Each structure stands twice: as structure tokens, then as C-alpha cells.
Amino acid sequence: MPSTLPDGDPVPADGALPGSALEGLGARPFAFYVHVPFCVTRCGYCDFNTYTATELGPGASRDSYADTAVAEVRMARRVLGDADLPVQTVFVGGGTPTLLAPDDLGRVLAAIDAEFGLAPGAEITTEANPESVDEAYIAKLREVGFTRVSYGMQSAREHVLAVLERTHTPGRVPQVVEWTRKAGFEHVNLDLIYGTPGETDDDWRASLEAALACEPDHVSAYALIVEEGTRLAAQVRRGELAAPDDDAMADRYLIADELLSAHGLNWYEISNWASSPGAACRHNLLYWTGADWWGVGPGAHSHVGGTRWWNVKHPAAYAARLVEGTTPAYAREVLDAADRRIERIMLELRLANGCPADLLDDAAVRRAVADGLIDPAAHDRGRAVLTRRGRLLADAVTRDLT
């Protein structure tokens with residue numbers, strides 16, 4: 001089941017933000033994240049805030065979800081006032097967003113455009129499972145305004161997909177990517193996972209090569225995390241599956257970086273590679289560089305001007321609050337200057353452009369350069385940029401530098 005929400009400060013019933021959050025509103029880029037919390041089945045490794053039909057209960061449904069999401073978009077406009085906030089990016093995630101009809105997704109986009117305005121050339125992404133779309137569905141996504149699709153490929157090996165409890169077959173991915181290109185999408189991402197129990201280095205190479213054969217302009221590769229409360233965690237705890245091995249994970253990361261780079265996809269964030277700067281996911285770059293965004297949907301997180309809040313998790317509770325005209329926010333926190341500095345370092349260090357070295361302890365940075373964790377040439381330019389070895393140890397390096 002999904003993990004629990006963190007505690008925080010109470011949120012006013014009307015969702016009003018503190019004055020500090022509204023200062024400079026409009027000077028920072030603004031985006032929307034839309035969470036679609038539905039899945040046909042729950043994969044064994046997943047602890048995302050998603051629900052199958054049997055888990056939903058009364059008070060929420062796929063059919064009514066678009067109307068509920070539109071209600072939160074309109075609430076966002078009321079809370080943020082009349083500030084000029086052209087939306088630079090929209091990212092629809094889940095769950096499986098493509099369990100909703102394309103017209104429903106289009107209605108949410110239309111509401112965002114009507115209330116805030118989509119900036120010229122806005123990036124509009126949806127995630128999709130390969131088995132949840134067909135050629136007509138993909139063509140309709142393009143028609144209603146999407147510009148980018150991110151497919152959950154995960155692996156090209158059937159035995160790996162079986163451990164993850166993914167329902168698509170490896171041959172489905174090339175087919176849906178072909179349909180996506182035919183529909184006129186310029187930007188296609190494939191999501192991969194490495195470190196699944198039973199996966200070998202050769203399996204991982206085969207998955208990377210299969211992904212590259214589809215000619216995406218973006219690949220994301222994430223290390224498998226065994227989350228407490230998932231079926232996968234229970235299997236590992238019972239000894240039915242081996243826990244992911246840290247050394248094997250590091251080897252898989254190096255394989256990915258070498259193979260993707262050799263095919264012209266270069267890293268711009270630790271887990272993301274793109275064929276050009278224009279192919280990088282602009283929405284995620286906004287997250288990593290401190291922009292403002294409003295998260296629509298149950299369990300969605302938002303950030304505006306140093307205030308961060310998160311919505312109630314269950315779709316029925318979320319819908320009930322919006323019907324009542326009250327905020328679906330569960331709790332929030334206001335980051336102080338020290339918190340914002342730490343968060344900036346944690347996020348920007350993940351990027352190929354790094355973060356300003358003067359944000360960091362000078363002696364610690366020099367040690368990291370000497371240890372081969374920070375690029376010396378970038379340091380000479382006043383930036384702290386992780387080397388490939390530094391990327392493997394990113395969390396530990398970040399702790400040392402802050």
C-alpha cells in the first residue's frame with residue numbers, strides 16, 4: 001500500500017498561502033503536476049499513491065476524476081490570485097494516467113490553460129504504460145495538446161518484468177514508440193529500472209540496447225529501491241528474492257552511462273540522459289532548480305516560494321474536500337533560509353551543471369576534488385559538478401558538502 005504522509009503545519013481551509021510564498025510570484029517559472037492515482041494492478045515494487053478498482057471504495061472513480069482535478073486547478077487560481085503565471089510545463093503522472101480517456105486528460109489541460117495560460121512552447125508530458133495505449137489513443141493525446149510521452153519500459157527481459165510484476169511484454173515498447181512518433185511526438189522518454197533480483201549485467205545491457213533501438217531522445221534509469229510495505233519487500237524479507245546489491249547497482253549505473261553516452265545520450269541529471277539540451281525534461285529541471293509548481297491530485301506535493309504542501313492521499317477524501325470547497329491539502333511546511341540552502345544543494349548537485357561552489361564548505365569541496373568526486377575543471381569555474389565516481393556516491397558526497 002502507499003506510504004504514509006509526513007506531518008506538518010495545518011493548512012487554512014481556503015488553502016491561503018503565507019505572504020512569504022507569494023513574494024516574487026511570477027518571477028520564478030511556474031508548472032503543474034497532475035497525479036492520476038489509478039492502476040489496473042499494483043506492481044510488487046510500487047509504493048506510489050495509486051489505487052486499483054477494488055481499493056478505491058465509494059466516493060471516487062475514474063469517470064469523475066477529471067472534474068475533481070479541474071476543481072483543484074480553479075482553486076489554485078483563487079489561492080494564487082491574479083499574478084501573471086504562464087505555465088511552462090505540465091507533467092501528468094501516476095499511477096497510470098492513460099487509464100483516463102484522452103479527452104479527460106485534455107479537459108484538465110484546458111482548465112490549466114483557461115485559468116493560467118500555457119506559455120508558448122510549453123512542455124506537456126504524460127506518463128504511460130505500454131499496455132495501456134493503442135495507436136488511436138496516442139494520436140488523441142497529441143490532438144488534445146500533449147508534446148511528450150514517458151513510457152514505463154523498466155526492462156526488456158521477461159523474467160525481470162515478472163519479478164517487478166509488470167504486465168507488458170518486451171515487444172510492446174517498440175510498437176508504442178513507433179505509434180508515438182507517427183502521431184507527431186518529437187519527445188519520447190523510456191523509463192528503465194536496474195537492480196531487480198535475478199537481473200544480470202547482460203540482462204541490463206539487453207534492456208539498454210532494446211531501449212536505444214527504439215531511438216528515444218531521452219532515457220531515465222533508476223536503481224530499484226525495495227520500499228517497506230510492498231510485496232517485493234515481503235519477498236525479500238522471507239528470503240524468496242535477494243536484496244539488491246550495492247556493488248551490482250554501481251556496476252549497472254556505469255554500464256548505463258557508458259552505453260547511453262556511446263549512443264549520443266548524455267547525462268544531465270544523475271538518473272537521466274538526453275540526446276540534446278532540448279530533449280531534457282524541462283518539467284523535472286524546474287523541480288531541480290527551485291521553481292514553483294502546483295501539484296493536483298491525491299497525495300500530490302506542491303511548492304511555491306519556499307512553502308511546500310501535500311494533499312490528502314485517498315481519492316475519496318480528496319474529492320470530498322473539493323466538493324466542500326475546502327483545500328485538499330493535508331499539511332505544509334515553510335522552509336527557512338537554511339532549509340532552502342540545503343535543498344538547493346541536494347537538488348542542483350544532481351545536475352550536470354552542478355551548483356555554485358560558494359554555497360558549499362570550501363574545505364569540504366577541496367577534499368571532494370582531491371578524492372575525485374568533484375570535477376576540478378568545473379571547480380576552477382566556481383561550480384561543484386560531480387564526476388562519474390561522485391555520481392555513484394552522490395548522497396554521501398552531498399552530506400559531506402553540507
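Numbers here are sequence positions counted from 1. Everything numeric here is computed off the predicted structure, so don't read it as measured data.
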- Note on the structure: Given the options Thr125, Thr126, Leu118, Val90 meets side-chain contact (heavy atoms from CB on, under 4.5 Å) only with Leu118
- Task: Please round to the nearest 0.5 Å and tell me the distance separating atom CZ of Arg366 and atom CG of Asp361.
- Result: 10.5 Å
- Item | Residues Glu123 and Thr147: side-chain donor-acceptor under 3.5 angstrom | no
- Task: Give the C-alpha distance, both sets of side-chain angles, the deciding distance and a yes or no for salt bridge (Lys or Arg N to Asp or Glu O under 4.0 Å) between Glu199 and Arg157.
- Result: CA-CA 9 Å; Glu199 179 191 63; Arg157 294 297 206 202; over 6 Å; no
- Is Arg388 paired with Glu258 through a side-chain N to carboxylate O contact shorter than 4.0 Å? yes
- Is it the case that Asn272 and Ser220 place a side-chain donor and acceptor less than 3.5 Å from each other? yes
- Message: Within the structure provided, determine whether Leu401 and Ile374 are in side-chain contact (heavy-atom separation under 4.5 Å).
- Response: yes
- Item | Electrostatic pair Glu131:Arg172 at N-O distance under 4.0 angstrom | no
- Query: Once you round to the nearest 0.5 Å, how far does CG of Asn311 lie from CG of Leu322?
  - Reply: 8.0 Å
- Item | Sidechain-backbone polar pair: Ser261 side chain, Asn266 backbone, donor-acceptor under 3.5 Å | no
- Item | Ion pair check, Arg78 and Asp14, cut-off under 4.0 Å | no
- Task: Could you please spell out the steps behind the side chain to side chain contact (heavy atoms under 4.5 Å, CB included) verdict for Asp84 and Phe116?
- Result: CA-CA 7 Å; Asp84 186 19; Phe116 293 89; over 6 Å; no
- Message: Using the rule given for side chain to side chain contact (heavy atoms under 4.5 Å, CB included), can you reason through Leu80 versus Leu17, listing the C-alpha separation, both sets of side-chain angles and the distance that settles it, and then say yes or no?
- Response: CA-CA 8 Å; Leu80 297 174; Leu17 294 173; 3.8 Å; yes
- Residue pair Thr398 / Asp395, side-chain donor-acceptor N/O under 3.5 Å: no
- Query: Do the non-hydrogen side-chain atoms of Val79 and Thr327 ever get within less than 4.5 Å of each other?
  - Reply: no
- Do you see a donor-acceptor pair shorter than 3.5 Å between the side chains of Asp203 and His159? yes
- Tightest non-hydrogen contact, residues Ala21 and Arg28, listed as O-NH2, 3.5 Å
- Go through the steps to decide whether Glu348 and Trp288 satisfy the test side chain to side chain contact (heavy atoms under 4.5 Å, CB included), and finish with yes or no. CA-CA 6 Å; Glu348 292 188 14; Trp288 296 319; over 6 Å; no
- Over 60° means perpendicular and under 30° means parallel, so classify the ring planes of Tyr253 and Trp273, tilted if in between. tilted
- Message: Which heavy atom of Ala233 sits nearest to which heavy atom of Glu228, and what is that distance?
- Response: CB-CA, 4.2 Å
- Query: Taking the six-membered ring for Trp, are Phe91 and Phe32 ring centroids under 6.0 Å apart?
  - Reply: no
- Hey, mind stepping through Asp67 and Arg107 against salt bridge (Lys or Arg N to Asp or Glu O under 4.0 Å) and telling me if it holds? CA-CA 8 Å; Asp67 290 335; Arg107 284 199 295 117; 2.7 Å; yes
- Can you tell me how far CZ of Arg142 sits from CD1 of Ile124, rounded to the nearest 0.5 angstrom? 10.0 Å
- Salt bridge check: are Glu343 and Arg340 linked by an N-O gap of less than 4.0 Å? no
- Which atoms form the tightest heavy-atom contact between Gly354 and Arg383, and what is the distance? O-NH2, 2.9 Å
- Item | Non-neighbouring partners of Tyr287 that pass ring-ring contact (aromatic ring centres under 6.0 Å, His included), sequence neighbours left out | His283, Trp293
- Flag the pair Gln154 / Asp191 as yes when at least one side-chain heavy-atom distance between them is below 4.5 Å, and no otherwise. yes
- Task: Report the C-alpha distance between Asp82 and Arg77 in whole Å, list the side-chain angles of each, state the deciding distance to 0.1 Å, and finish with yes or no for salt bridge (Lys or Arg N to Asp or Glu O under 4.0 Å).
- Result: CA-CA 7 Å; Asp82 57 3; Arg77 180 75 276 182; over 6 Å; no
- Are Leu25 and Phe30 side-chain neighbours, meaning at least one heavy-atom pair lies under 4.5 Å? no
- Query: Are any side-chain N or O atoms of Asp371 and backbone N or O atoms of Leu373, one a donor and one an acceptor, separated by less than 3.5 Å?
  - Reply: no
- 4.5 Å side-chain heavy-atom contact, Leu190 and Cys214: yes
- Tyr268 side chain near Leu285 side chain, heavy-atom distance below 4.5 Å: yes
- Going by atom types alone, do His168 and Tyr151 pair a side-chain donor with an acceptor below 3.5 Å? no
- Message: Would you say Asp134 and Trp179 are linked by a side-chain donor-acceptor pair, where the criterion is simply a distance under 3.5 Å?
- Response: no
- Arg321 side chain vs Ala329 backbone, donor-acceptor pair below 3.5 Å: yes
- Flag, side chain of Glu269 to backbone of Ser271, donor-acceptor distance under 3.5 Å: yes
- Can Tyr33 and His303 be said to form a ring pair (Phe, Tyr, Trp, His ring centres under 6.0 Å), step by step? CA-CA 11 Å; Tyr33 171 74; His303 169 267; over 10 Å; no
- Can a cation-pi geometry be assigned to Arg332 and Trp310, taking NZ or CZ under 6.0 Å from the six-membered ring centre and within 45° of the ring axis? no
- Nearest non-hydrogen partners of Val176 and Pro130, listed with the distance: CG1-O, 3.5 Å
- When you measure from the side chain of Arg341 to the backbone N and O of Leu359, does any donor-acceptor pair fall under 3.5 Å? yes
- Within the side chain of Thr68, is there an N or O that forms a donor-acceptor pair under 3.5 Å with the backbone of Ser64? yes
- Are Tyr194 and Ser155 linked by a side-chain donor-acceptor pair shorter than 3.5 Å? no
- Message: Between the side chains of Glu186 and Arg181, is the shortest nitrogen-to-carboxylate-oxygen separation below 4.0 Å, so that they form an ion pair?
- Response: no
- Task: Walk me through it: do Tyr318 and His35 pass the test side chain to side chain donor-acceptor pair (under 3.5 Å)?
- Result: CA-CA 12 Å; Tyr318 168 78; His35 185 67; over 6 Å; no
- Hey, is CE on Met249 packed in by over 12 heavy atoms from elsewhere, all under 6.0 Å? yes
- Query: Is Val108 close to Val296 at the side-chain level, that is, under 4.5 Å between some pair of heavy atoms?
  - Reply: no
- Counting distance only, does the side-chain N/O of Ser207 pair as donor-acceptor with the main-chain N or O of Ala156 below 3.5 Å? yes
- Message: Looking at Ser132, is its backbone amide N or carbonyl O close enough to the side chain of Asn129 to form a donor-acceptor pair, meaning the two atoms are under 3.5 Å apart?
- Response: no
- Scanning both residues in full, the closest heavy-atom pair of Pro298 with Asn49 reads O-ND2, 3.0 Å
- Message: Could you check whether Asp217 and Ser275, counting side-chain N and O atoms only, form a donor-acceptor pair closer than 3.5 Å?
- Response: no
- Mark yes when over 12 heavy atoms from residues, nucleotides or ligands other than Ile225 sit less than 6.0 Å from its CD1; otherwise mark no. no
- Query: Judged by modelled atom types alone, do Glu72 and Trp294 share a side-chain donor-acceptor pair under 3.5 Å?
  - Reply: yes
- Query: Does a side-chain heavy-atom distance below 4.5 Å link Val188 with Arg148?
  - Reply: no
- Query: Do you know the tightest heavy-atom contact between Pro29 and Leu286?
  - Reply: CB-CD2, 3.6 Å
- Go through Tyr65 and Phe38 one step at a time and tell me if the ring pair (Phe, Tyr, Trp, His ring centres under 6.0 Å) criterion holds. CA-CA 10 Å; Tyr65 187 71; Phe38 309 118; 5.3 Å; yes
